[in-house]
Amino acid sequence: MKKIEAIIKPFKLEEVKESLGAIGIQGITVSEVKGFGRQKGHTELYRGAEYIVDFLPKVKIEIVLDENDVDKAVEAIQSAAKTGRIGDGKIFILPLSEAIRIRTGEKGKSAV
């Protein structure tokens, strides 16, 4: 099993969700997060005062799936989240040693 963590722009969430649903991915976890990468935030003007916005709002998507489905899921996320502009986000793929369904005690793939 693998865990995919994707950090994307908030307005792309619905497109990514639909893209993942189209390939049969059923369960995702979504969190609102803030951060910055190479872009290091930006400067804004508010009531005549300039201030730096260094933590930009993003959405973090987490998916646990079978190793065989990782490439399809990554392609779905990448194609739906891409705007071609700086700050589109990142996708991380992590090994997952175990998953346990709390209600039934199922383990492994059947727990997902």
Side-chain angles (χ1 to χ4, degrees):
M1 288 184 302
K2 297 282 186 177
K3 179 179 182 182
I4 296 175
E5 292 183 359
I7 310 296
I8 63 169
K9 292 182 175 185
F11 67 88
K12 286 296 200 170
L13 177 59
E14 195 60 34
E15 287 178 58
V16 170
K17 185 182 92 169
E18 289 173 9
S19 184
L20 289 167
I23 62 165
I25 303 294
Q26 295 177 342
I28 66 172
T29 300
V30 177
S31 306
E32 292 180 6
V33 296
K34 291 183 179 189
F36 66 88
R38 289 185 186 155
Q39 68 200 79
K40 303 276 194 288
H42 62 277
T43 303
E44 288 189 3
L45 196 62
Y46 179 72
R47 293 188 179 183
E50 197 173 88
Y51 66 100
I52 297 172
V53 178
D54 53 358
F55 288 104
L56 302 172
K58 300 286 183 179
V59 171
K60 179 179 179 182
I61 299 170
E62 297 175 88
I63 309 164
V64 174
L65 38 70
D66 186 68
E67 229 170 296
N68 300 326
D69 297 328
V70 170
D71 291 338
K72 288 190 310 187
V74 167
E75 176 58 34
I77 294 167
Q78 199 168 7
S79 63
K82 184 177 181 177
T83 66
R85 301 179 65 200
I86 193 165
D88 273 353
K90 299 271 191 302
I91 300 173
F92 305 103
I93 302 167
L94 305 126
L96 191 70
S97 61
E98 187 66 273
I100 302 166
R101 186 183 307 266
I102 294 173
R103 180 176 53 87
T104 61
E106 293 171 280
K107 293 184 178 186
K109 289 183 195 177
S110 59
V112 178

Report yes or no: do Leu13 and Val33 belong to one cluster of Ile/Leu/Val/Met/Phe/Trp/Tyr joined by side chain heavy-atom distances under 4.5 Å?
no
State whether the number of non-hydrogen atoms from other residues, nucleotides or ligands found under 6.0 Å of Glu62 atom CD is greater than 12.
yes
To the nearest 0.5 Å, how far apart are NZ in Lys82 and CD in Glu15?
13.5 Å
For residues Ile86 and Lys9, report the shortest heavy-atom separation together with the two atoms involved.
O-NZ, 3.4 Å
Has the side chain of Lys58 got a donor or acceptor atom that lies under 3.5 Å from a matching backbone atom of Gly87?
yes
Find out if a path of hydrophobic residues (ILVMFWY) with successive side-chain heavy-atom gaps under 4.5 Å connects Ile7 to Ile4.
no
Interatomic distance, CG@Asp69 vs NZ@Lys2, rounded to 0.5 Å, equals 13.0 Å
Which value, rounded to the nearest 0.5 Å, describes the distance between Ile63 atom CD1 and Ile25 atom CD1?
6.0 Å
Residue pair Leu20 / Ala73: nearest heavy atoms and the distance that separates them
CD2-O, 3.9 Å
So, taking the atom named NZ in Lys90 and the one named CD in Glu5, what distance separates them when rounded to the nearest 0.5 Å?
14.0 Å
Ile8, Val70: one ILVMFWY side-chain cluster at the under-4.5 Å cut-off?
yes
Assess whether side chain to side chain contact (heavy atoms under 4.5 Å, CB included) is satisfied between Leu65 and Val112, documenting all intermediate values.
CA-CA 7 Å; Leu65 38 70; Val112 178; 5.6 Å; no
Taking the basic N atoms (NZ, or NE/NH1/NH2) and the acidic carboxylate oxygens, is any pair closer than 4.0 Å for Lys72 and Glu75?
no
Hphob cluster co-occupancy, Val16 + Val30, side-chain heavy atoms under 4.5 angstrom:
yes
Flag if over 12 foreign heavy atoms under 6.0 Å of NZ, Lys17:
no
Review item, side-chain donor-acceptor pairs of residues 92-102, under 3.5 Å, at least two apart:
from: Glu98; atom 1: OE1; to: Gly108; atom 2: N; distance (Å): 3.0
from: Arg101; atom 1: NE; to: Glu106; atom 2: OE1; distance (Å): 2.9
from: Arg101; atom 1: NH2; to: Ser110; atom 2: O; distance (Å): 3.1
from: Arg101; atom 1: NH2; to: Ala111; atom 2: O; distance (Å): 3.2

Indicate, with yes or no, if Val74 and Ile61 share a hydrophobic cluster defined by side-chain heavy-atom contacts under 4.5 Å among Ile, Leu, Val, Met, Phe, Trp and Tyr.
yes
The side-chain hydrogen bond (donor to acceptor under 3.5 Å, both in side chains) partners of Asn68 (sequence neighbours excluded) come to Asp66
